[in-house]
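In what follows, a structure is listed as structure tokens, so that the remarks can point back to it.
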Number of protein chains: 2
Amino acid sequence: MSIEADVKTRGKREETKANNRQAILDAARRVFAELGYGATTVRDIIRATDLASGTFYNYFKSKEEVFQALQDDTALRVRPRLRAERIRAATFEEFIAGTFRTFFDFVKNDQTSLATMRRNPELQRMRIDTPEVIAGFEELRADLETAIRNGVMPDTDADLLMAAMVGVAFEVANHMISRSDVSAQDAAEFATALFLGGVHALPKRKRPKAT
Amino acid sequence: MSIEADVKTRGKREETKANNRQAILDAARRVFAELGYGATTVRDIIRATDLASGTFYNYFKSKEEVFQALQDDTALRVRPRLRAERIRAATFEEFIAGTFRTFFDFVKNDQTSLATMRRNPELQRMRIDTPEVIAGFEELRADLETAIRNGVMPDTDADLLMAAMVGVAFEVANHMISRSDVSAQDAAEFATALFLGGVHALPKRKRPKAT
DNA sequence: CCCATTCGTGACGCCGCGTCAACTTTTGGT
DNA sequence: ACCAAAAGTTGACGCGGCGTCACGAATGGG
């Protein structure tokens, strides 16, 4: 019924188009996770579907573009949450804390797209920023500018502050993922304390030595 | 004379071996800068030398390994300077300030390897951590642990603190490179103030509006 | 001076790339 | 219900990069 409805409203062409695109994206996610991004070829992706090689190029120009689509998808899922958190914030303490908490929670619960494909067998590690990811950064910068104009945030270079937040967020998230003793809350508290009060304000380490 | 001396002490074999290796590395630097890392092929690199294609594989397994050698080279140049700065530090203010200042200065003055190959036409931006780079991170972590044990640094999670410093350093450095109005000193002061006192302590923005 | 060893060479087979002409399916008009 | 045009799929093809390997040249030891 719902399929028939889709067919009626969108037509068979639109339907298979959407299906094929999704099939490629799904296959790519699987193959990237299995072989690693660098080792994956367009042929690997298309072989993991029941489509022909030529069809791939009706939807994407390269594996890079597929990866970008996956990353952009993730970015578009998390950005509204971050945005909402920052808009809700009345003080800049809430602004910082809400942003970090939301981000680390998301990373913890979305290992599929963010963490799985960070695993790069051939090279040590790499980070790729796609357009929607960068747009998310710009969004943060704009919100910081607004906060500064409203007087809730000290008047400083919003672009550098954005860069610092982004740098801490991604780097700490990586360590959070590879370590088993750091929860999303731990990471958020650490990053928030750093930005609110500097090193002096950082939380004490959990287990100093043992005992 | 010096060449003859080299030949006498090392023999012709060792000599051409070193020369070939260096020729490949030099060619790679040029080609990476011109075509971008992703678009470069092993063939491109070897064509930029007067060697045959097979010879490449006597020295490196892939272009990734060449890139790694170049990155490691850079890492090994900057690490001693960072190390010295941190050892000299008596207070943790000096520890933080010295580390950031040295790092940003280095990035500004070493655009050849760091910035030139950051020029990546095909993909937006990416970061690749090679073994010696990672070893530099571990070195920082170890120094942070030592500072904590000596009581000059608050007792906190040294691994997360290292991650935060690394994240801020690289991300702010990227913005410093692409912006014309941020000097190495500006970047260092910003990062240092953030770590010493949090957002409250950040320097005021230079040109707020105009006047 | 000669032989063993090391190393440079480039042709080779393999495979992934992106294209394109032929073919199939869908659509809209009658 | 039919059909022609449009849209989309297919896989074979030419191209070029990959890593290898048998060959020959250069080197060094005896």
Using 30° and 60° as the class boundaries, would you call the ring planes of A:F170 and A:F137 parallel, tilted or perpendicular?
perpendicular
Collect all protein-nucleotide pairs involving nucleotides 3-6 of chain C in which both atoms are nitrogen or oxygen and the distance is under 3.5 Å.
from  : atom 1 : to    : atom 2 : distance (Å)
C:dT6 : O2     : B:R13 : NH2    : 2.5

Who are the side chain to side chain donor-acceptor pair (under 3.5 Å) partners of [X], not counting sequence neighbours?
X      : result
B:T146 : none
B:D105 : B:R101
B:E132 : B:R79

Report yes if at least one side-chain N or O of B:N20 is closer than 4.0 Å to OP1 or OP2 of C:dC7; otherwise report no.
no
Contacts of type ring pair (Phe, Tyr, Trp, His ring centres under 6.0 Å), residue [X], not counting sequence neighbours:
X      : result
A:Y59  : none
A:F95  : none
B:F195 : B:F100

[X] has an atom [atom1]; how far is it from atom [atom2] of [N], in whole Å?
X     : N      : atom1 : atom2 : answer
B:E14 : C:dC7  : CD    : C1'   : 12 Å
A:N19 : D:dG8  : CG    : P     : 14 Å
B:E15 : D:dT27 : CD    : P     : 12 Å
B:I24 : C:dT9  : CD1   : P     : 10 Å

Classify the nucleic acid contact of A:Y59 as base, sugar-phosphate or nothing, counting any heavy atom under 4.0 Å across all strands shown.
sugar-phosphate
Out of C:dT9, D:dT27, D:dG8, whichever nucleotide has its closest atom nearest the side chain of A:N58
D:dG8
Please list, chain by chain and in numerical order, all residues satisfying salt bridge (Lys or Arg N to Asp or Glu O under 4.0 Å) with A:R30, sequence neighbours excluded.
none
Between N or O atoms, less than 3.5 Å apart, protein on one side and nucleotides 16-20 of chain D on the other: list the pairs.
from   : atom 1 : to    : atom 2 : distance (Å)
D:dG17 : OP2    : B:R47 : NH2    : 3.1
D:dC18 : OP1    : B:V42 : N      : 3.1
D:dC18 : OP2    : B:V42 : N      : 3.4
D:dC18 : OP2    : B:R43 : N      : 3.1
D:dG19 : OP2    : B:Y57 : OH     : 2.6
D:dG19 : N7     : B:R43 : NH1    : 3.3
D:dG19 : O6     : B:R43 : NH2    : 2.7

